[in-house]
Structure formats: C-alpha cells, structure tokens
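Below is one structure, written out as structure tokens; the observations come after it.
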Amino acid sequence: MTMKTNRKFKNVPDEIVFYTNLEKLRKHFRLNKTIIGNFLKWSTLKYARIHNRKQKPILDDIIEIANMYGLRATDLMNPDMPVPKLYMLQSGLQKIAVSREGKPDKGYVRSDLISHVTIILSEHIPVQGTFTNNQIREHLPKHLKKYPIEWKKTRLKFHVEPALPEGRVLRGSTQTYKLIQEISEEILKKAKDSISVHQS
C-alpha cells in the first residue's frame, strides 16, 4: 500500500486513513477480527495481521474487504467515509451483524480502557507514586468506569505493581499500586492513537 498523503488532510497518510476506517467499520457493526477473517475465508489470522498493521494488504485484499461492506476500495481511503447501511453489506455479513446487535465488543472495551488508563497514569501519577484503581476510575469516561482494571493482563504489567504484596493488604482496605517506571513516549502515542480510532 502506498503512503501517499491524502489531499484533504495533508498530514494524514492514506495508510492511516485505511486502518482507521477498518476499525470504524468493525466497531460499528460489532464484529471481531476472527468473524471478519472467517467471512472472507482467509487463512487463519490473516485479517487480524492486516488489521493490526503486521501484514501489508495487497490490492485484492482491500477490494475484498470493501466489497464485504458494500463499498469500493477507494472508500476505505476516504477520511470522511460514511458508514454503510446494513442493507449494503453482503447478505451473509448482514445476518452476522444483526445477530451481534447489542453485544459489547470485549476486545474494543479492553483496548479502550487500557489506553485511557495509560494516559491517566502518564498525566496524574509520578514514577514511584501510589494510587488505587478507584482513583484511576475518577478520570475514566463514564462508559468505562464499571470495568475492572486487571494490571497483570495489560501492556502496563511491567510498569505497575502492588505497593504491598498481595496478602499483606489489610482486610477492608483497598489495594494500592505503584507506578515503578515511566511510561514511554511510544506506549503513550499508541494509547492516544487507539483512542482517536475508537472515537472516529
């Protein structure tokens, strides 16, 4: 895929617009990467690798993805791409999308949550500073406050540790955590980019 700059947004390469639109479509129809890959009848994990920018799509791949949504390949390079109506999707995908209505996308929620948490830590907690999960939740968007923050399962597992070893927390008290190393600019940028995609 070329890295030609989109004329309307001079600082936004077509490649970024393409991946942003993939996530926009996937999120809108509450699909996950496995469902999309299976629908396209691609080899295991091919769509996920493309979606996660680990594999460059060829033109035929882009056309297949666009056709699935009733779009043209050029639509996926449009920063103002309108989300297609349900009836525009290929019939098999229509049925899947209808069956997914109202179901939360757990992968999306998990990614969105940890991206916001990353930014909150960077902006509010100094290195070696301590905090509780409730203090972090105070800064979260309303729709994410109810979800648990599982530090050992996130990309921040090497940045955060319990201030006291598990088992030494007093009964009735809240576990306190410590930020043990600075969050890198690379991790912070990925978090901000992820939130930007989810909000598009």
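Nothing here was measured: the structure is a model prediction, and the numbers come from that model. Numbers here are sequence positions counted from 1.
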Between [X] and [Y], is there shared hydrophobic-cluster membership here, with clusters defined by ILVMFWY side-chain heavy atoms closer than 4.5 Å?
X	Y	result
Leu45	Met68	no
Phe39	Ile50	yes
Val127	Ile183	no
Ile35	Phe29	yes
Leu71	Ile58	no

Side chain of [X], backbone of [Y]: donor and acceptor closer than 3.5 Å?
X	Y	result
Glu161	Tyr177	no
Gln55	Arg49	no
Ser115	Asp112	no
Asn52	Lys54	no
Asn21	Phe18	no

Exercise for the section: Using side-chain hydrogen bond (donor to acceptor under 3.5 Å, both in side chains) as the criterion, list what pairs up with Asp60, not counting sequence neighbours. Expected result: none

Practice task
Report the residues that fulfil side-chain hydrogen bond (donor to acceptor under 3.5 Å, both in side chains) with Tyr69, sequence neighbours left out, ordered by chain and then residue number.
Solution key: none

Practice task
May I ask you to decide whether Lys190 forms a salt bridge with Glu186, counting only side-chain N to carboxylate O separations under 4.0 Å?
Solution key: yes

Handout entry: Asp61 and Lys56 ion-paired at < 4.0 Å
Key = no

Problem - Worked check of side-chain contact (heavy atoms from CB on, under 4.5 Å) between Glu138 and Ile120 - result: CA-CA 10 Å; Glu138 290 176 4; Ile120 292 167; over 6 Å; no

In Å, rounded to the nearest 0.5 Å, how long is the span from [atom1] of [X] to [atom2] of [Y]?
X	Y	atom1	atom2	value
Leu59	Glu64	CG	CD	10.5 Å
Asp75	Asp80	CG	CG	11.5 Å
Phe158	Gln181	CZ	CD	9.0 Å
Leu86	Leu93	CG	CG	8.5 Å
Lys145	His139	NZ	NE2	8.5 Å
His116	Thr118	NE2	OG1	10.5 Å

Between [X] and [Y], what is the shortest heavy-atom contact and its length?
X	Y	answer
Pro148	Arg137	CA-NH2, 3.8 Å
Asn67	Gln90	O-NE2, 3.2 Å
Gln128	Ile180	NE2-O, 3.5 Å
Ile63	Ala73	CG1-CB, 4.1 Å
Ile114	Leu156	CD1-CD1, 3.7 Å
Val17	Asn78	CG1-C, 3.6 Å

Exercise for the section: Could you walk me through whether Phe131 and Val160 pass side-chain contact (heavy atoms from CB on, under 4.5 Å), step by step? Expected result: CA-CA 10 Å; Phe131 60 91; Val160 172; 3.9 Å; yes

Residue pair [X] / [Y], side-chain heavy-atom distance below 4.5 Å:
X	Y	value
Thr132	Gln175	no
Lys157	Trp151	no
Thr176	Pro162	no
Leu140	Leu113	yes
Lys24	Val83	yes
His51	Glu23	yes
Ile36	Leu22	no
Lys192	Leu188	yes

Exercise for the section: Could you check Leu25 against Leu76 for side-chain contact (heavy atoms from CB on, under 4.5 Å), going step by step and ending with a plain yes or no? Expected result: CA-CA 10 Å; Leu25 291 165; Leu76 297 179; 3.7 Å; yes

Practice task
Show your reasoning for whether side-chain hydrogen bond (donor to acceptor under 3.5 Å, both in side chains) applies to Glu182 and His159.
Solution key: CA-CA 7 Å; Glu182 186 177 2; His159 292 74; over 6 Å; no

Completion exercise
Residues passing the ring pair (Phe, Tyr, Trp, His ring centres under 6.0 Å) test with Trp42, sequence neighbours excluded, are none

Handout entry: Any side-chain donor near an acceptor of the partner, His124 and Gln135, under 3.5 Å
Key = no

